[in-house]
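None of the values given here were measured: they were computed from a predicted structure. Throughout, protein chains are lettered first and strands after them, A, B, ... in sequence-line order, and every chain is numbered starting at 1.
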Amino acid sequence: MRARRAVMAGERETILRQWEMLRRIPRYPVKTTTAELHASLVKAGYQVTKRTVERDLERLTVPFPLLADERSKPFGWSWRADAPGLTIPGLTLSQALTFQLVEQHLRPLLPPAVLAELQPAFALAAARLAEAGPTRRSWVDKVRVVSPTQTLRVPPIAPEVQRTLYEALLTDHQVQIRYLKPGEKSPITYEAVHPLGLVQRGAVLYLVCTFFGYTDPFLLVLHRMKTVTALEVPVVRPPDFDLDAYIASGRMGFGEGKTIRLELWLDADAARHLTETPLSEDQRLTPTCDGRVQVNATVPETEQLRWWILGFGEKAEVVKPIRLRKAMAGTARNLALRYGAEPRQINAAGNGAHGSIEEAWRP
DNA sequence: TCAGATGATAAACGCCACTA
DNA sequence: TAGTGGCGTTTATCATCTGA
């Protein structure tokens, strides 16, 4: 009886040690050696010989997808690249769901190498949701992220371009980019581009970068890049550059980084959502005498702001700044011209007739 | 200067004895 | 009886030497 108990204690020790070993073996292409594993286990308090580690590895290769690179000594041990993750305790349903959401929505932003590393976790999450049964599996069908604006198709990005650029961004190295500007027939070459950040805006991925020795950040669109070549030269970051501050300045909305004090009159129903999702920290909403709502807020002056206001149609009226009001009035005039003309007239005249419609429109 | 030979060292593995 | 340590053998790698 006492002997059996001692054997069981030994078995438990062996299982714990082998479990520790499995945790210490990296995923391919990273490898570890028997000596490294042995040193690591000894450090963790498992006083065994290297010979035992060798035997353990040999045994574990049968039930687990382990690889031994025997092309040279010492052998390199690793988990197979496609091996499922080894996690105890297993993923909870909410963790599995989170992984699925991450996979769906961050895939365009994650470097291919990072995605490859996370692939086993994604597979584990999918398996966890699948094994939860039909009722729980429907979780996946119950959660969606939708765009508040018109959905556009994602433009294709060359995998090699994306891989090289992400790698350079991760390791802070300069790149050479062949870039096809819209309307151009042949690409131009930017010799030494300093990647500073990556921003997804709707369906488009932008590289925030500097080049030509300028410190003012510039935007390049990933799907217009024809080739990206990594350079062995470190990135020089502008000392005061901050990606969050850059985005907050409104540059991603195609502005000049200026802010304006906006006064906008909105129909009450159109203004309702601003009570829950304000335009800015200092936003003020004031009812007007004609039943509308006066919105005052400090916002970046961008094209995106104009598109947002135009999206309300006749329900929005810009009061201040005057410059923006005039721009909106101009857009409205042109719209009235377009919609006032018969489609046949537009086809015949190319851009339509103006006279009577121009006169009929009163700001 | 370079290719081949040689020796030292390290790693892998087989085998045997011990132990709980 | 399974797990382990330890020893001997085999093999690979690397540094050094030698001769063309």
Under 3.5 Å, which protein N or O atoms sit close to an N or O of nucleotides 15-19 of chain B? Give each pair with its distance.
residue : atom : partner : partner atom : Å
B/dC15  : N4   : A/R55   : NH1          : 3.4

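Linking Ile, Leu, Val, Met, Phe, Trp and Tyr whenever their side-chain heavy atoms come within less than 4.5 Å puts A/V204 and A/Y179 in one cluster. In the hydrophobic clustering of ILVMFWY residues, with side-chain heavy atoms under 4.5 Å counting as a link, A/L207 and A/I188 come out together. Transitive grouping of hydrophobic side chains (ILVMFWY, heavy atoms separated by less than 4.5 Å) keeps A/W265 and A/L305 in distinct clusters.
Neither OP1 nor OP2 of C/dA2 sits under 4.0 Å from any side-chain N or O of A/T14.
For A/Y28, the OH atom counts as loosely surrounded, since its 6.0 Å shell holds 12 or fewer non-hydrogen atoms of other residues, nucleotides or ligands.
In this structure, CD of A/E58 is placed 15 Å from C1' of C/dA2, rounded to the nearest angstrom. One can place CD of A/Q47 at 12 Å from P of C/dG6, the figure rounded to the nearest angstrom. The distance between atom NE2 of A/H38 and atom P of C/dG5, rounded to the nearest whole Å, is 8 Å. Regarding A/E70, its CD atom lies at a distance of 12 Å from the P atom of C/dT13, rounded to whole Å. The OH atom of A/Y46 sits 14 Å away from the P atom of C/dG5 (whole-angstrom rounding).
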### Query
Taking protein heavy atoms under 4.0 Å as touching, what does nucleotides 3-12 of chain B look like 5' to 3' if B marks base contact, S marks sugar-phosphate-only contact and - marks none?
--------BB
### Query
Does the side chain to side chain donor-acceptor pair (under 3.5 Å) test come out yes or no for A/R178 and A/T189, once each step is laid out?
CA-CA 4 Å; A/R178 285 178 62 242; A/T189 302; 4.6 Å; no
### Message
Using the rule given for salt bridge (Lys or Arg N to Asp or Glu O under 4.0 Å), can you reason through A/E20 versus A/R17, listing the C-alpha separation, both sets of side-chain angles and the distance that settles it, and then say yes or no?
### Response
CA-CA 5 Å; A/E20 282 297 324; A/R17 187 187 66 242; over 6 Å; no
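Here the options are A/T34, A/V42, A/L41, the test is side chain to side chain contact (heavy atoms under 4.5 Å, CB included), and the partner is A/K50; only A/T34 passes.
Heavy atoms of A/Q18 sit nowhere under 4.0 angstrom from any nucleic acid atom.
Ion pairing between A/R163 and A/E160 holds under the 4.0 Å rule for side-chain N and carboxylate O.
Looking at which nucleotide of DNA chain C each of A/V48 and A/R71 is closest to, the 5′-most match is held by A/V48.
Among residues at least two apart or in separate chains, salt bridge (charged side-chain N to carboxylate O under 4.0 Å, His left out) pairs with a member in residues 290-299 of chain A are A/D290-A/R292, A/R292-A/E317.
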